[in-house]
Structure formats: C-alpha cells, structure tokens
Amino acid sequence: MLFGKKNSRSGMDIKSLRMLDRKPVKYVTERDSETYRELKLGDEGAINVSDAEFTIVCGGVNVIRCKVSEVNAAELMNKSGLTVKGKDLDSGREKSIIAYYSDGTVSADRKR
C-alpha cells in the first residue's frame, strides 16, 4: 500500500536501539529552545540500553534516561551520532539531545 497508516513511533525500532548498547559517546549537546544555542551536557560517556530503559551516561551522570518504549532516536545523516527525544525520567521534562559517537576510546581520568 502506497499511503499506509503512519507509524506512531518514528525513528529507530527497539531492536536497533538495543544494538547501540555500550556504544561510546564523545559528547552530548542539547539545544536551548529560547536562545537556540547548543549546551554541552557531558562528554566521554556511553549509551546503555536495558529491557526497560534507554540511558546516556557521561562522567557517571545520567544525561538522559527514558523508557525504551517511549524514546524516539534517529541516527544523524552522516552517521556520526544520533538524536534522542523523550521524557527524561530523572528531570521529568521532555528533552531533545544530540549524542556524538566516540572512536571507541573513553578515558576515565582526563586530568593528568
């Protein structure tokens, strides 16, 4: 069918989200809707996907934590990262962030 029923959930399906589990993240930003500036939320982290939750952690702090069934994620066109939209379970507010993938090396201690 050419014009089928629109899927209520856009972006990656749950199987694709699970493939991102333990993927290293270089840094995460959020666009401020009032000033339209990018705010850096954290760097050197990872994506964690469990049965119930999708979480991005940077420096031991949850940047975003959403229910897997309600998160909307899509890879950037150049495949350098992904956008994530959803209700953050920690802050209780709707968040829209961009997480940029790392080359695979994550340092635990940056001050040397």
Side-chain angles (χ1 to χ4, degrees):
M1 176 182 268
L2 184 60
F3 299 103
K5 188 176 182 180
K6 185 175 178 180
N7 189 356
S8 62
R9 177 189 162 94
S10 59
M12 295 179 159
D13 59 2
I14 292 176
K15 183 179 177 183
S16 298
L17 287 174
R18 291 192 199 287
M19 291 177 64
L20 293 172
D21 189 33
R22 298 183 186 176
K23 181 125 179 134
V25 173
K26 191 176 206 175
Y27 63 95
V28 179
T29 63
E30 180 178 22
R31 182 166 305 249
D32 185 353
S33 61
E34 293 179 14
T35 63
Y36 300 107
R37 299 183 86 176
E38 292 283 325
L39 303 171
K40 191 172 189 180
L41 300 179
D43 49 10
E44 296 185 358
I47 299 170
N48 297 310
V49 184
S50 68
D51 290 336
E53 294 182 351
F54 177 92
T55 309
I56 298 180
V57 178
C58 290
V61 177
N62 292 344
V63 175
I64 189 168
R65 186 171 67 97
C66 302
K67 294 181 181 178
V68 170
S69 59
E70 296 176 5
V71 71
N72 183 354
E75 276 198 313
L76 300 175
M77 289 179 70
N78 64 1
K79 306 286 186 196
S80 66
L82 77 153
T83 61
V84 179
K85 295 179 184 177
K87 185 173 182 179
D88 184 33
L89 297 174
D90 294 333
S91 68
R93 71 177 180 91
E94 195 73 23
K95 278 190 172 181
S96 177
I97 64 160
I98 302 173
Y100 296 92
Y101 300 141
S102 173
D103 60 0
T105 59
V106 176
S107 173
D109 183 22
R110 292 181 41 202
K111 297 177 184 177
R112 289 188 181 198

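Throughout, numbering of the chain's residues begins at 1 and tracks the sequence.
- Under the 4.5 Å side-chain heavy-atom criterion for grouping Ile, Leu, Val, Met, Phe, Trp and Tyr, I14 is connected to V71 within one hydrophobic cluster.
- Contacts of T55 classified as side chain to side chain donor-acceptor pair (under 3.5 Å), with partners at least two apart in sequence or in another chain: none.
- Shown here for T29 and E38, the closest heavy-atom pair between the two residues is OG1-OE1, 2.8 Å.
- Every residue meeting the side chain to side chain contact (heavy atoms under 4.5 Å, CB included) condition with V49, not counting sequence neighbours, appears here in chain and number order: R18, D21, I47, F54, V68.
- Here the side chains of N72 and V84 are not in contact, with every heavy-atom distance at 4.5 Å or above.
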Would you sort out whether V28 and C58 count as a side chain to side chain contact (heavy atoms under 4.5 Å, CB included), showing the intermediate values?
CA-CA 8 Å; V28 179; C58 290; 3.7 Å; yes
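- The side-chain hydrogen bond (donor to acceptor under 3.5 Å, both in side chains) test with N62 singles out one residue from D90, D88, N48, and that residue is D90.
- Here the closest non-hydrogen pair linking I64 and G86 is CD1-O, 4.4 Å.
- In this structure, A73 and L17 approach most closely via the heavy-atom pair CB-CD2, 3.7 Å.
- Connection of Y101 to I97 is established within a shared hydrophobic cluster, with ILVMFWY side chains joined at heavy-atom distances below 4.5 Å, either directly or through further cluster members.
- Here CZ of R31 is found 6.5 Å from CD1 of I98. Values are rounded to the nearest 0.5 Å.
- Nearest approach of V25 to A99, heavy atoms of both residues: CG1-CB, 4.1 Å.
- Using a cut-off of 4.0 Å between Lys/Arg side-chain N and Asp/Glu carboxylate O, R37 and D32 are scored as not salt-bridged.
- Under the side chain to side chain donor-acceptor pair (under 3.5 Å) criterion, E53 pairs with R65, sequence neighbours left out.
- No more than 12 heavy atoms of other residues, nucleotides or ligands lie within 6.0 Å of NZ in K26, so this atom counts as exposed by the packing criterion.
- In the hydrophobic cluster analysis, where Ile, Leu, Val, Met, Phe, Trp and Tyr join through side-chain heavy atoms closer than 4.5 angstrom, V63 is grouped apart from L39.
- In this structure R93 satisfies the salt bridge (Lys or Arg N to Asp or Glu O under 4.0 Å) test together with E30, sequence neighbours excluded.
- A pairwise comparison of heavy atoms in L20 and M12 identifies CD1-SD, 3.8 Å as the closest pair.
- Pairs engaging residues 77-86 under the side chain to side chain donor-acceptor pair (under 3.5 Å) rule: E75-K79, N78-S80 [sequence neighbours left out].
- Legend: ring pair (Phe, Tyr, Trp, His ring centres under 6.0 Å) pairs involving residues 11-48, not counting sequence neighbours, sorted by first then second residue: Y27-Y100.
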